[in-house]
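What follows is a set of notes on a single structure, which appears directly below.
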Amino acid sequence: SNPPLAQEVLERIESAGYRAYVTGGYVRDALLGLAPQDADILTDCPPLKLRELFPEITENSTYPGIFHRASRGCNLHLMPQLPEQLESYK
């Protein structure tokens, strides 16, 4: 199961008509039975729409195009990518 903040973000993106997937270390930790503290979310939602959906997100200054949201003990990294780029995150 996803942390509440990650689930909320997934649902908000999907209700706007886009796809979103939890990837990376969160998935590994969940499979190992550990309690992940952050989640990487890959989405086809464009950056401008992400800013509209989540006005509180900040863009990563080191990695432009990756957005950050922290709340309730969970750090999220939102990565707007084209769906065909999903392969590189598996």
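We use all heavy atoms of the structure for the numbers below, so side chains are in, but hydrogens, waters and symmetry mates are not.
One finds the CG atom of Asp44 at 7.0 Å from the OH atom of Tyr21 (value rounded to the nearest 0.5 Å).
Between Thr43 and Arg19 the shortest heavy-atom distance is OG1-O, 2.7 Å. Nearest heavy-atom pair across Tyr18 and Cys45 is CD2-CA, 3.6 Å. Heavy-atom minimum distance, Ala39 versus Tyr26: CA-CB, 4.0 Å. Across all non-hydrogen atoms, the minimal contact from Ile13 to Ala20 is CG2-CB, 3.9 Å.
For Glu14, the salt bridge (charged side-chain N to carboxylate O under 4.0 Å, His left out) criterion is met by no residue, not counting sequence neighbours. For Arg51, the side chain to side chain donor-acceptor pair (under 3.5 Å) criterion is met by Glu59, not counting sequence neighbours. In this structure Glu11 satisfies the salt bridge (charged side-chain N to carboxylate O under 4.0 Å, His left out) test with no other residue, sequence neighbours excluded.
Taken together through direct or relayed side-chain contacts under 4.5 Å among Ile, Leu, Val, Met, Phe, Trp and Tyr, Ile41 and Leu31 form part of one hydrophobic cluster.
Within the 4.5 Å cutoff, the side chain of Leu10 has heavy atoms near those of the Gln7 side chain.
Through direct or indirect side-chain contacts shorter than 4.5 Å among Ile, Leu, Val, Met, Phe, Trp and Tyr, Leu34 is connected to Leu32.
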